[in-house]
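A, B, ... follow the sequence lines: proteins, then strands. Residue 1 opens every chain.
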Amino acid sequence: MTEEDDHLALEAIEVDLFIEAMLRRYGYDFRDYGRTSLTRRVRNLAQQFGTGTISALTALVLHSPERIGEVIGGLSVPASDFFRDPAIFRALKAHVFPVLASYARITIWQAGCARGEEVYSLAILLKEAGLYEKSRIFATDISETSLASAQEGIFPLSDMRDASRRYFESGGTQSLSAHYHARYERAKLDRGLIDNVTFAEHNLVTDGVFCEAHLILCRNVMIYFNDRLQARVLNLFADTLVRGGFLCVGDRENLRVAGASLFRPVEGAPSVFRLRSPVEPP
Amino acid sequence: MTVIVIGSSAGGPQALHDLLPLLKPGLAAPLIIVSHVGENMGDLLTEGLARTCTLPVRIAAERMPVEPGVVHVAPSGYHLLIEPDRRFAYSVDERIRFSRPSIDVLFVSAAEVYRDELVGVVLSGANADGAEGLRTIRRLGGLALVQDPNEAIVPTMPLAAIEQAGADICAPTAILAAHINSYVRP
């Protein structure tokens, strides 16, 4: 074994111990996260905290509960973009909104909302479609820091130029600037957009069903999970959705076996799936 | 089994269009390509390359295994990584040096899985992406191939790779292709 191989073997032990510490000290379970991305993020944290080794990071985390927010922030869903993948929003407008419109009250769960780009994007389109007033949106994330930032709704103004193009590609009917106020190179999203949004901490690994939803959006969150955890989360979504409810995932997510038995793709709507009924053949 | 990872950026599609048609159908090694192209252009690049290459060319699909004799292309907008069980994983972590996919992210994760079975190739490009990854590949016993900067349309990336990582072979694409072709089925 070369010195480099030895270093990697040692680091693998350090990552295991870090995961163990997070679980036993704080109850955060990262055991079923994809190993490669998790290792990258833990390395970045060690660098960010200036601890040199991952073992030293683990020691610091164990003894510094006041810094757990930063650690979870560094290990959770990163920032997204407004109207990322406009084709998905167009599909929601064309295939999902008409069904949602038929309900007296609409419940939507944005799982893994990070800093809120997607939840604001969705709220804007719901508003323009006249569906927002009867909607309740639960925006959840594992990171308290992200949730606070999402709730604040302030983004760099420079993000808005590309966002505006994607807004129109997504089927936006007004102008994106109608939904935010620009000041000092920052854009503050219209507070009315979160009137019907409840931000809450929820951990997809350990927490369970908390609402009955017509639509769940969980884009590019499960890409960080191994097959077992992905299957668990898909089952959680299936248990949360009403009969015929919709699930929207990232444009290239592979739902594999677990997904195929629970959900069927919606024709013409990339990344949108519909809950199979219990009697439906897979 | 040898695995080949290729990074390219500005001028890279041209280099890939030169390189891929020279690859032999019996190649046993999987190829994995990160090319910085615009938003949603990964699919177009893949289609273009598929027309010029006798090997199957397709987007590296989330959670699917790295396959021998297949050219896998990273999709636009995602970092592409290799898991220890030799399957593809995606990430939407921050862009690195304005790039997602990042060549370094693929190279480092592949180097840690494949160690001395990995060959890294850096082609034309206008930034330093790939240099750090190539250094990791060499450190873990893999081989570094770099396009001759004189041939590259934009030499910055090959030059950065040579400076930071060094190269086992630095040559025009035709010679790089001949080397890659040595990894045929036994």
Side-chain angles (χ1 to χ4, degrees), chain A residues 1-9 11-12 15 33-41 43-44 48 74-81 84-87 112 114-115 117-118 162 165-166 169 219-231 249-259 271, chain B residues 32 38-40 42-43 46 58-66 72-96 98 100-102 104-118 132-133 135-142:
Chain A
M1 187 184 257
T2 69
E3 196 182 319
E4 295 297 338
D5 289 334
D6 187 54
H7 172 79
L8 283 177
E11 195 196 52
V15 174
Y33 274 53
R35 187 67 184 215
T36 310
S37 273
L38 182 65
T39 301
R40 250 195 101 233
R41 285 169 168 188
R43 279 177 192 158
N44 288 344
Q48 185 189 319
L75 295 176
S76 58
V77 183
S80 180
D81 299 310
R84 184 184 157 112
D85 306 320
R115 290 173 225 170
E117 290 92 339
E118 300 211 349
D162 282 347
R165 175 178 55 77
R166 289 192 301 266
E169 288 170 14
R219 292 171 59 194
N220 297 324
V221 175
M222 290 182 283
I223 59 174
Y224 293 102
F225 299 166
N226 69 14
D227 292 353
R228 181 169 49 200
L229 181 53
Q230 185 199 39
V249 298
D251 67 338
R252 294 186 186 274
E253 280 185 65
N254 179 352
L255 301 191
R256 285 173 74 91
V257 185
S271 316
Chain B
I32 310 165
E39 206 176 323
N40 306 321
D43 291 305
T46 306
R58 47 179 178 257
I59 292 279
E62 207 235 328
R63 290 176 200 270
M64 295 306 279
V66 176
H72 307 272
V73 181
S76 314
Y78 295 90
H79 292 305
L80 182 66
L81 305 97
I82 312 294
E83 284 287 331
D85 65 1
R86 305 187 171 202
R87 288 196 285 154
F88 290 111
Y90 287 5
S91 137
V92 286
D93 285 3
E94 283 77 7
R95 290 175 179 80
I96 295 177
F98 309 104
R100 191 175 57 210
S102 145
D104 284 335
V105 168
L106 171 68
F107 279 18
V108 169
S109 73
E112 289 173 0
V113 170
Y114 295 109
R115 315 276 170 105
D116 60 0
E117 293 176 318
L118 190 68
E132 188 195 318
R135 199 173 58 194
T136 306
I137 290 174
R138 293 194 89 193
R139 225 181 45 216
L140 290 167

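Considering every non-hydrogen atom in both A/M222 and B/R63, the closest pair reads O-NH2, 2.6 Å. Taking both residues in full, the closest heavy atoms of B/E83 and A/S37 are given as OE2-N, 4.3 Å, listed atom of the first, atom of the second, then distance.
Other residues, nucleotides and ligands contribute over 12 non-hydrogen atoms within 6.0 Å of the CZ atom of A/R165.
How far CE of B/M64 is from CG of A/N254: 6.0 Å, rounded to the nearest 0.5 Å. Distance check: B/R139 CZ to A/E3 CD gives 10.0 Å after rounding to the nearest 0.5 Å.
Annotation: maximal heavy-atom pairing with chain A below 4.5 Å, among B/V92, B/L81, B/D116, occurs at B/V92. With chain A as partner, the option from B/A61, B/P75, B/S109 having the largest number of non-hydrogen pairs under 4.5 angstrom is B/P75.
The pair A/R252-B/E62 does not meet the salt-bridge criterion, since no charged nitrogen lies less than 4.0 angstrom from a carboxylate oxygen.
Heavy atoms closer than 4.5 Å to chain A are found nowhere in B/V113, neither backbone nor side chain. Only the side chain of B/I59 comes within less than 4.5 Å of a heavy atom in chain A; its backbone stays farther off. When heavy atoms are compared at a cutoff of 4.5 Å, A/R219 does not approach chain B at all. When heavy atoms are compared at a cutoff of 4.5 Å, A/L8 approaches chain B solely by way of its side chain, counted from C-beta outward.
A donor-acceptor pair shorter than 3.5 Å cannot be found between the side chains of A/N220 and B/Y90.
When each of A/T36, A/N226, A/D227 is paired with B/R87, the side chain to side chain donor-acceptor pair (under 3.5 Å) condition holds for A/D227 and for no other.
For the pair A/R40/B/V108, no side-chain contact is recorded, criterion being any heavy-atom separation below 4.5 Å from C-beta on.
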